[in-house]
Amino acid sequence: MDSLLTLLIFFPAVAGMLGFLIEKEGIRAYGIAVTAIEFVLSLFLWLSFDSTNPGYQFLEHAPIISDFGINYSLGVDGISLFLVVLSTFMTMVALIGLTIKEDLKNLIISVLFLEMTMVGVFVSLDVILFYIFWELSLVPMLYIIGAWGAKLRIYAAVKFFLYTFAGSLFMLVGILYFAYLHHQATGQWSFSIADWQALKLPFEAQLWLFGAFFLGFAIKVPMFPFHTWLPYAHGQAPTIGSVILAAVLLKMGTYGFVRFSLPMTPDASVYFLVPIAILSLIMVVYTAMIAYAQEDMKQVIAYSSISHMGVIILGTFAMNPEGITGSIFLMISHGIVSGALFMLVGVIYDRRHTKMMSEFGGLAAPMPRFATIYGIMLMASVGLPLTIGFVGEFLALLGFFKISPIMTAIAGTTIILGAVYMLSLYKKSFFGPVTNDKNRDLPDLTKQELTALVPLVILVVVLGVYPKPVLDPIDTSVKHMLENMEAKSQTDDAKELLHKATSIGEAK
């Protein structure tokens, strides 16, 4: 299909507009049907994808403002393919598990528009188009948190918007400066990602550009010290908002590092490697300790999410095939696992209207299915071998081990610290006698909740045991990107580091 990517982007939005015509009683089934069709389209994209081709595929191109090089340009490679599939899958699962009944039509329409923006970010090959989808994603999420969130929802929604929008403004300045440099070097205006990745920039210009893009992406991740908006957003957002925020929206920041920062400013990326690694280690250790101190079950998972994102950043800036491939796989696994954990917290909140661990204890007795799935997802979050969480963390840490064994050893504490706060949560909430009479007759998972959660459990196990179908396309595109980075690197440090990375890849 020549316009498959266009269909993937705009089908949810068009369906969302038509959703206003659907009766209130049928809107939930309509939303699930739309997201299921979108997921099937993304599977068709995967099945039609040539995993041996490292370049962009399913290309679409149409001029918008041709005099300034602004075009409607789409395509996917191994780096973005599975993030598209993750977006469509987690949106579908989130709607299947949706239990909100108030103003349901507007919520589902907001989610469909959010899905459009997420897919648009991952398939855009024009920087202006990328930026438009990037900014548009703020609007439906602002509305979801602000309209359906908890008591402090307005504060959380505004803080989320202001933080991420401020970072986007710095990124916009970087985009305009990059376009100016491209025009100075070639005499032509272009906002093509491929053209920008091929341009050799002076080292000083790379430093400024890296800084501008870094602020936009780091706030989105969010990296320390820009992380303070996330616990509020998760804590106040409805379950479906937390699921999509953790599963997909945070990955837009780490995707930006891989798509923009590394290939477009390779020398600056190497220059800032150590400071970024230090910030990542702070994310890993500091937020893990904060997670252990939390009494709110949802806040534990929120801070855990920041800690794991630190490992993704480390793998990305290892700048070798193992590290970057592992970090992209970890984006996918973290999306699945964290989305499932937030959904599970939503399950217990629907029954008790509290997320405080002190209110629970002995939940395994009245809710054995719930306890079993929670335990599996908890182990995947910790990085237990043969679960999806282990594969990405192992590769990301293996890649960074080649940069600094000492820093990698510190980062490896994420597994130990993760086990401490997650097992502590599980012990307090699920083991021992039922101490609160309100918990004695809690209903176990319903068919609707099982329909949403069981596919996630299957993915956690299957991709943990056999990740090759996902790893191969990613690895092919990552190696191609590293070869291009080596070809355009100018400083001695960058040349040496990238030469080692590409030489290891060729040897394999």
Side-chain angles (χ1 to χ4, degrees), residues 9-39 86-120 133 136-161 164 230 232-250 298 302 335 338-351 353 355 446 448-449 451-453 456:
I9 292 174
F10 294 108
F11 172 68
V14 173
M17 293 295 291
L18 295 175
F20 285 109
L21 305 176
I22 303 298
E23 294 294 329
K24 181 180 177 181
E25 294 74 17
I27 190 64
R28 186 173 178 276
Y30 175 78
I32 293 172
V34 170
T35 54
I37 293 170
E38 178 81 349
F39 175 57
L86 176 70
S87 302
T88 61
F89 176 69
M90 291 306 298
T91 306
M92 178 185 70
V93 167
L95 278 186
I96 291 173
L98 181 64
T99 57
I100 294 175
K101 295 180 174 61
E102 300 81 14
D103 200 12
L104 186 59
K105 178 182 287 191
N106 286 331
L107 175 58
I108 289 177
I109 291 171
S110 299
V111 170
L112 293 177
F113 273 94
L114 181 59
E115 184 173 27
M116 174 198 73
T117 64
M118 295 186 300
V119 174
F133 284 122
L136 285 178
S137 68
L138 302 182
V139 179
M141 182 52 72
L142 172 75
Y143 187 41
I144 289 170
I145 297 173
W148 290 275
K151 185 178 180 181
L152 299 176
R153 59 185 180 274
I154 301 300
Y155 174 78
V158 171
K159 189 169 186 176
F160 157 76
F161 186 87
T164 48
L230 185 64
Y232 278 102
H234 274 314
Q236 300 302 312
T239 298
I240 190 169
S242 290
V243 170
I244 296 176
L245 179 62
V248 184
L249 288 185
L250 303 188
K298 200 172 186 183
S338 63
L341 286 171
F342 279 115
M343 199 176 297
L344 287 162
V345 173
V347 167
I348 199 66
Y349 183 78
D350 287 339
R351 286 155 171 75
H353 301 290
K355 299 166 288 183
T446 64
Q448 174 190 339
E449 291 161 345
T451 303
L453 289 165
L456 298 174

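Residue indices begin at 1 and follow the sequence shown.
The heavy-atom pair separating Ala36 from Met92 by the smallest distance is CA-SD, 3.6 Å. Annotation for Ile144 and Gly241: closest pair CG2-CA, 4.0 Å, computed over non-hydrogen atoms. Heavy atoms only, all atoms of each residue included: Gly335 and Ala247 are closest at O-CB, 3.3 Å. Of all heavy-atom pairs between Gly31 and Ile108, the closest is CA-CG2, 3.8 Å. Here the shortest heavy-atom pairing between Met116 and Ala13 reads SD-CB, 3.3 Å. Here the shortest heavy-atom pairing between Ser110 and Pro140 reads O-CB, 3.5 Å.
Looking at Thr88, Ile9, Val248 one by one, the single match for side chain to side chain contact (heavy atoms under 4.5 Å, CB included) with Glu115 turns out to be Thr88. For the side chain to side chain contact (heavy atoms under 4.5 Å, CB included) with Leu95, the lone residue among Leu107, Val243, Thr35 that qualifies is Thr35. Under the side chain to side chain contact (heavy atoms under 4.5 Å, CB included) test applied with Val111, the options Leu98, Ile240, Val34 reduce to a single match, Ile240.
A search for side-chain contact (heavy atoms from CB on, under 4.5 Å) contacts involving Tyr155 returns Lys159, Tyr232, not counting sequence neighbours. A search for side-chain contact (heavy atoms from CB on, under 4.5 Å) contacts involving Leu138 returns Glu135, Phe160, Phe161, Thr164, Phe165, Lys220, not counting sequence neighbours. Residues passing the ring pair (Phe, Tyr, Trp, His ring centres under 6.0 Å) test with Tyr143, sequence neighbours excluded: Trp148. Taking Ala246 as the reference, His234, Ser338, Phe342 meet the side-chain contact (heavy atoms from CB on, under 4.5 Å) condition, with sequence neighbours excluded. For Val158, the side-chain contact (heavy atoms from CB on, under 4.5 Å) partners are Ile154, Leu162, not counting sequence neighbours.
Listed for the Gln236 side chain is no donor-acceptor partner under 3.5 Å among the backbone atoms of Gly149. The backbone N or O of Ile96 sits less than 3.5 Å from a side-chain atom of Arg28, completing a donor-acceptor pair.
Rounded to the nearest 0.5 Å, atoms CZ (Arg351) and OG1 (Thr446) are 6.0 Å apart. Note that CG of Leu142 is 11.5 Å distant from CG of Leu114, once rounded to the nearest 0.5 Å. In this structure, Ile27 CD1 and Leu21 CG are separated by 9.5 Å, a value rounded to the nearest 0.5 Å. How far CG of Leu112 is from OG1 of Thr91: 8.5 Å, rounded to the nearest 0.5 Å. Of the inter-residue distances, the one linking Leu104 atom CG with Glu25 atom CD reads 10.5 Å to the nearest 0.5 angstrom. Atom CD1 of residue Ile348 and atom CE of residue Met343 lie 15.5 Å apart, to the nearest 0.5 angstrom.
A heavy-atom distance below 4.5 Å is not found between the side chains of Met118 and Phe133.
A ring-ring contact (aromatic ring centres under 6.0 Å, His included) check over residues 18-39, counting only residues at least two apart or in different chains, returns the pairs Phe39-Phe89.
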